[in-house]
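In this text, all values refer to a predicted model and were calculated from it rather than measured experimentally. Read the numbers this way: they start at 1 and go in the same order the structure lists the ligands and their atoms. The figures here come from the full heavy-atom set of this structure, side chains too, leaving out hydrogens, waters and symmetry mates.
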Amino acid sequence: MASTTSRKVEQSRRLQQRAESMIPGGVNSPVRAFRSVGGDPPFIVRGKASHTWDADDNEYIDYVCSWGPLILGHADPAVLDAIVGAACNGTSFGASTPSEADLAELVLSAFPNMQKVRFVSSGTEATMSAIRLARAYTKRKYIVKFEGCYHGHADALLVKAGSGVATLGIPGSAGVPEEFTQFTVALPFNNLSAVEHAFSKFKHQIACVIVEPVVGNMGCVPAADDYLVGLRLLTEKERAVLIFDEVMTGFRVAFGGAQELYNIKPDLTTMGKIIGGGLPVGAYGGPNEIMDLVAPLGPMYQAGTLSGNPLAMAAGCAMLKQLRERKAEIYPQLEKMSGELVEGVAAAAKDAGVALTHNRVGSMFTWFFNDRPVTDWESASKSNTEMFGKFFRSMLDNGIYLPPSQFEAAFLGATHTAEDIQKTIAAAKVAFGAVKES
Ligand SMILES: *Cc1c(COP(=O)(O)O)cnc(C)c1O
């Protein structure tokens with residue numbers, strides 16, 4: 001695809017070639033690749049607050065924020081201090097350390113529906129474990145997920161998954177025997193009657209319904225009014241476990257995640273991203289009645305050599321403590337500034353005559369090149385990805401780093417400034433011009 005660019009890309013190109021010779025696609029997670037948007041992926045060498053710098057010394061305003069975790073921006077001083085402090089005492093012991101309960105306390109204080117939490121090292125592990133636990137608890141086999149929702153890369157969950165799977169246009173993944181997904185029922189998002197229908201078809205066989213309460217992994221798609229309430233009522237009636245996958249939304253859309261924002265009590269919650277403060281952490285939790293089935297208390301086995309790693313726990317604690325102390329200031333500020341940014345860019349599209357639909361919940365958002373409302377995977381997938389690619393490349397050339405896919409949410413953090421937002425809207429005006437031209 002287009003390789004004309006006004007950025008300097010020499011060093012990044014060299015690093016990409018080097019990485020490609022040893023690492024598949026040069027990336028350790030396919031969402032970082034630029035295959036769907038074209039152009040040269042910048043190799044990032046440094047970040048501070050809302051900005052990053054690449055190997056060619058280009059500066060960017062970052063709206064990826066490590067795909068969500070960095071709500072306080074890059075290299076937050078308190079998080080850095082905590083990591084360095086912990087590292088000086090040793091990086092891992094394979095035995096319990098005090099900071100695990102510190103982070104547990106912070107998480108439980110924000111999520112009152114959870115009585116116990118288990119830390120793992122990624123969101124993938126969190127959702128995989130929560131599914132296993134739901135099956136152990138209900139002694140049922142089937143799981144319900146929604147098209148366009150991504151819950152990590154475990155076999156049973158890679159069915160009509162959003163995120164990189166959607167970006168690359170592959171239906172699931174090679175290497176997953178169909179027997180491994182035969183108990184996974186994938187239904188359209190925001191459609192309660194589809195769920196009702198599944199519950200009657202698989203009577204007393206559905207262990208759980210797992211949902212991103214605000215979807216971020218087909219781009220940002222909020223739940224329709226009463227959808228989450230409907231899922232809660234249905235799962236309660238059918239005695240199935242309701243899992244809110246708050247890996248992205250936890251501490252993002254509100255301090256207490258989507259369950260606080262919408263006032264819904266799921267049975268199990270999965271987390272990741274923000275709770276690790278930029279280090280690898282995931283978690284799953286819920287009431288004692290379910291969590292006490294987890295080994296060593298109960299028969300559901302789940303383990304991890306580096307789970308509860310002291311550096312990751314320290315980073316998470318430093319992150320969540322600041323969010324707790326400053327939540328009355330941070331979340332309203334994120335809401336206001338994200339609104340200004342998202343609507344400012346949407347207004348620029350309108351002026352340029354480019355059809356755009358914008359979805360946003362708090363500081364999670366997506367501009368879809370789509371002239372219709374985007375409410376599920378069906379409507380999201382009708383977006384014009386070629387136009388998105390042009391927009392993306394122009395924005396990047398003008399110092400704005402967006403997720404390199406139409407089907408990923410962008411994020412604003414507490415360190416983004418009014419100036420960042422004005423610059424981004426100005427760059428969008430140029431980018432919509434580029435989209436229109438061709
Ligand atoms: C990112 C994400 C995951 C996977 O987390 P990893 O840490 O990448 O394994 C799962 N669920 C949701 C909703 C996510 O956004």
Which atoms of ligand 1 are found less than 4.0 Å from any heavy atom of [X]?
X: Met248; answer: 15 (O)
X: Glu212; answer: 13 (C)
X: Ser122; answer: 7 (O), 9 (O)
X: His151; answer: 10 (C), 11 (N)

Does the N or O separation between Gly123 and ligand 1 drop below 3.5 Å for any pair?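 Among all N and O atoms of Gly123, at least one is under 3.5 Å from an N or O of ligand 1.
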
So is Thr127 polar-close to ligand 1, meaning N/O to N/O under 3.5 Å?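 In fact, backbone or side chain, Thr127 has no N or O that close.
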
What part of Thr249, side chain, backbone, both or neither, has a heavy atom within less than 4.0 angstrom of ligand 1?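 The answer is neither; Thr249 stays 4.0 Å or more away.
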
[atom] [closest protein heavy-atom partner, distance rounded to 0.1 Å]:
atom: atom 3 (C) of ligand 1; answer: Val247 CG1, 3.7 Å
atom: atom 13 (C) of ligand 1; answer: Asp245 OD2, 3.3 Å
atom: atom 14 (C) of ligand 1; answer: Lys273 NZ, 3.0 Å
atom: atom 8 (O) of ligand 1; answer: Thr124 OG1, 4.5 Å

Counting only heavy atoms not in Glu105 (residues, nucleotides, ligands), do more than 12 fall under 6.0 Å from its CD?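 Atom CD in Glu105 is not packed in, count stays at 12 or less.
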
For atom CD of Glu178, is the number of surrounding heavy atoms from other residues, nucleotides or ligands below 6.0 Å larger than 12?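 Not buried by this count: 12 neighbours or fewer within 6.0 Å.
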
For residues His51 and Asp62, is any side-chain donor paired with an opposing acceptor at under 3.5 Å?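 Asp62 and His51 do not have a side-chain donor-acceptor pair below 3.5 Å.
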
Just by distance, no angles: are the side chains of Lys116 and Asn288 close enough, under 3.5 Å, to form a donor-acceptor pair?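 Yes - a donor-acceptor pair under 3.5 Å links their side chains.
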
So, applying side chain to side chain contact (heavy atoms under 4.5 Å, CB included) with Tyr284, which one of Met128, Met271, Glu125, Gln302 is it?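 Of the listed options, the one satisfying the test is Gln302.
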
Decide if the gap between the ring center of Tyr63 and the ring center of Phe411 is smaller than 6.0 angstrom.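 Not under 6.0 Å, so no.
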
Please find out if less than 6.0 Å separates the ring center of Phe111 from that of Phe251.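 Yes.
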
Pairwise distance CZ(Phe391) to CH2(Trp367) - rounded to 0.5 angstrom: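 Those atoms lie 5.5 Å apart.
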
